[in-house]
Amino acid sequence: MPRRHPVRGVPQRAKDKRRDNPGDAFRCVGCRLDVPFHAPGTAHRNHCPNCLTSLHVDGRIPGDRRARCRGRMVALSLSVRPDGEWMIIHSCLACDELSANRVAGDDNALVLLRMALRPFGARLPQRALLAL
Amino acid sequence: MTIKNPYLSMDTFTCVRCGLVVSRQAPEGRPRNHCPSCLHSQHTADTDCQSRMIPISIAVLRNGDWMLIHRCTRCDELTSNPISGDDNQLILVRMAVRPLAQPPFPLEAFGDL
């Protein structure tokens, strides 16, 4: 499907240097995978490409490190922006905060597809079947 | 005090998008916070925002219940709320299939698995 806005107005920039020097990789809290910060398709990698787990460190702006929680955030559902971009909705296990993040180019496609099919897995509500 | 029959309840609110007047009590007896017709909500948790919240996705709990995720159009806050029995099922299913309609990767490769 063609993108409705093929060229973004402002290209994504990498964040400025952080005071704590994190190196070039972080370790996932879910599956302990070493993940490089460089991600294809996005300048803000914030979740593990293998298990999609994230950490509650950012506030409203990606990379601002405003959240004090530091809890583990698990992928809750998928949302689609009007331009066709998939967003992962993360929910924090410690404080129940929700956040939406774009998928990266190297995210595990099987896990993403399982999450997209989750509404149709166990039991579709009866009235939903009648509406179809 | 909760009234057993929600259709006899006089406690109503008006949808900020479609203007439908709905009771604050869902058929299951739970309090309702979004319009059953267009599924839009209002950001009442933040007292000085009070802006419109649009439904963006469906989350499925471990027990199989569906939750509706709203995003505030003014402050981008996200909330999740349980769906009620008289919600518009067409919009719910349309939101559930939307990721599969616009996949970022070809789905044909999964046929071999």
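Convention: sequence-line order gives letters A, B, ...; per-chain numbering from 1.
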| said: Please determine whether side-chain contact (heavy atoms from CB on, under 4.5 Å) holds for the pair Leu117(A) and Leu100(B), giving the CA-CA distance in whole Å, both sets of side-chain angles, and the decisive distance to 0.1 Å. | reply: CA-CA 8 Å; Leu117(A) 291 174; Leu100(B) 299 173; 3.7 Å; yes
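- Leu61(B) does not touch chain A: none of its heavy atoms, backbone or side chain, sits under 4.5 Å away.
- No side-chain heavy atom of Arg71(B) sits under 4.5 Å from any side-chain heavy atom of Met87(A).
- Using a 4.5 Å cut-off between heavy atoms, Ser80(B) contacts chain A through both its backbone and its side chain.
- Ile58(B) is not listed as a side-chain neighbour of Leu78(A), based on a closest heavy-atom distance of 4.5 Å or more.
- Annotation: the span from Leu98(A) atom CG to Ser57(B) atom OG amounts to 9.0 Å, rounded to 0.5 Å.
- Using a 4.5 Å cut-off between heavy atoms, Ile89(A) touches chain B through its side chain atoms alone.
- Note that CZ of Phe110(B) is 5.5 Å distant from CG of Leu110(A), once rounded to the nearest 0.5 Å.
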| query | Could you go step by step and tell me if Glu77(B) and Glu97(A) meet the side-chain contact (heavy atoms from CB on, under 4.5 Å) rule? | reply | CA-CA 10 Å; Glu77(B) 181 78 13; Glu97(A) 181 78 14; 3.8 Å; yes
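- Distance check, rounded to the nearest 0.5 Å: CZ of Arg118(A) to CZ of Arg62(B) gives 8.5 Å.
- Heavy atoms of Ile69(B) lying under 4.5 Å from chain A belong exclusively to its side chain.
- Side chains of Phe120(A) and Val60(B) form no contact here, defined as non-hydrogen atoms less than 4.5 Å apart.
- A distance of 12.5 Å separates NE2 of His90(A) from CG of Leu78(B), quoted to the nearest 0.5 Å.
- Between Pro104(B) and Trp86(A), the closest heavy-atom pair is CD-CE2, 3.3 Å.
- Atom-to-atom distance recorded for Ser79(A):OG and Arg98(B):CZ is 7.5 Å, nearest 0.5 angstrom.
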